[in-house]
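Note sheet for the following structure.
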Amino acid sequence: MFVDEARISVTGGDGGNGCASFRREKFVPKGGPDGGDGGGGGSVLLAADPELNTLLPFRYRTIFKAERGRHGEGALRTGRSGHDLEIKVPVGTLVFDAEGDALLADLAHAQDRVVVARGGRGGRGNARFATATHQAPRRADPGEPGEERVLELELKLIADVGFVGLPNAGKSTLLARVTRARPRIGPYAFTTLEPNLGIVELDEERQFVAADLPGLIEGAHQGRGLGLQFLRHVERTRALAFLIDVTSEDPARDLALLEREVSVYSATLMEKPRVVVLTKSDLLAPEARLLLDRHPPIPGAVLISAHRGDGLRELLERLWPMVMPPAEPAPERATPGE
Ligand code: GDP
Ligand code: MG
């Protein structure tokens with residue numbers, strides 16, 4: 001299993017101060033105390049969002065503070081409460097307190113929410129302190145500071161896209177080329193072969209996890225067992241990229257061979273959306289390239305060179321719609337006349 005991690009600091013909003021004030025009215029020489037309470041500070045929450053699949057956004061922003069409460073005012077006006085700050089995290093995120101390592105929450109389902117830093121309470125205004133014997137209190141409390149915490153977020157990654165191909169098709173090279181973040185390998189080793197994972201970042205909003213699945217074919221060739229965990233992991237991918245070496249004598253035959261092996265391995269895998277990728281285009285002589293354009297050996301395949309970077313953008317843009325997390329269901333609308 002692979003783990004994506006982030007460390008963030010969260011702070012609830014401070015409470016607003018209570019107000020010390022006395023009523024002033026034209027014909028009332030000694031107005032009573034009328035200082036209002038401060039508003040409560042907003043809290044910081046984490047919410048599980050099915051549209052996210054990595055913790056990468058927390059490389060750009062690590063400090064979160066909810067809005068403070070407003071101070072109380074005269075005429076018994078209570079300060080407005082601060083708004084809560086909701087931070088979206090991927091479904092499956094584990095939340096730990098960085099000090100003490102306690103597990104605070106396991107946001108396993110969409111829309112799961114947890115308060116991670118409470119806002120401070122607002123201070124009491126002086127109107128609250130008036131008693132029969134003490135009618136003009138000057139005392140008002142300051143607001144409480146918001147709670148502050150450092151959190152460790154941890155997400156077990158499932159690959160969105162699996163790269164499959166015969167040995168030497170260029171899977172590892174492509175993975176290294178299109179991924180930057182290398183998640184740590186967690187202490188849950190697969191029984192035999194490890195897929196190799198990386199996070200592909202199309203831009204700040206669009207990320208997905210890609211895995212080079214060496215075991216699928218190579219391990220099968222070597223007669224090695226792959227382990228149930230590996231299979232389960234692979235079966236949860238949303239899409240596959242079939243990599244074929246374009247310099248092969250017969251790319252179409254390689255694809256057929258690959259498809260046969262994948263289907264023997266797992267029928268579920270063959271039902272996934274896929275892109276066929278012809279690799280190592282830089283090795284094609286100009287004439288061969290022209291021929292390829294005129295008579296594509298595999299219609300619809302994307303031609304790439306991981307070495308030169310050609311075609312990579314196109315490949316990732318083709319993959320994105322296949323792996324894009326499902327949009328949240330639209331809120332139900334009331335039907336008129338019901
Ligand atoms: P894998 O077995 O599918 O993981 O294949 P590798 O990524 O290890 O690549 C096999 C060989 O092909 C290596 O020697 C790579 O350097 C080479 N290779 C991979 N991609 C390219 C490419 O785009 N152009 C060229 N010229 N060689 C490549
Ligand atoms: Mg490899």
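Order of appearance sets the numbers: ligands from 1, and atoms from 1 within every ligand.
- Considering backbone and side-chain N/O atoms, Lys171 comes within less than 3.5 Å of an N/O atom of ligand 1.
- Each of the following atoms of ligand 1 lies closer than 4.0 Å to a heavy atom of Ser305: 23 (O).
- Contact of the Pro57 side chain with the Gln207 side chain is registered, since non-hydrogen atoms from C-beta on lie closer than 4.5 Å.
- To the nearest 0.5 Å, atoms CD1 (Ile8) and CD1 (Ile87) are separated by 4.5 Å.
- Residue Leu283 approaches ligand 1 through these ligand atoms, each under 4.0 Å from one of its heavy atoms: 26 (N).
- With respect to the salt-bridge test (charged N to carboxylate O, under 4.0 angstrom), the residues Glu204 and Arg61 do not qualify.
- The closest heavy-atom contact to atom 22 (C) of ligand 1, among the options Asp282, Leu312, Leu166, comes from Asp282.
- For the ligand labelled ligand 1, residue Asn168 lies inside the 4.0 Å heavy-atom shell.
- The distance criterion of under 3.5 Å between nitrogen or oxygen atoms is met by Ala169 with respect to ligand 1.
- Ile199 has its side chain within reach of Asp4: a pair of non-hydrogen atoms, C-beta onward, lies under 4.5 Å apart.
- The pair Glu201-Arg59 does not count as a salt bridge, with every side-chain nitrogen at least 4.0 angstrom from each carboxylate oxygen.
- At a cut-off of 2.8 Å, Ser172 coordinates the Mg ion (ligand 2) through an N, O or S atom.
- Checked by distance only, ligand 1 and Leu174 stay at 3.5 Å or farther apart across all their nitrogen or oxygen atoms.
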Subject >> Test log, rule side chain to side chain donor-acceptor pair (under 3.5 Å), inputs Asp245 and Thr279 >> reply: CA-CA 5 Å; Asp245 187 335; Thr279 63; 4.6 Å; no
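- Classification of Glu144 and Arg118 as a salt-bridged pair fails, no side-chain N sitting under 4.0 Å from a carboxylate O.
- Checking only distances, Ala306 does come within under 3.5 Å of ligand 1, N or O to N or O.
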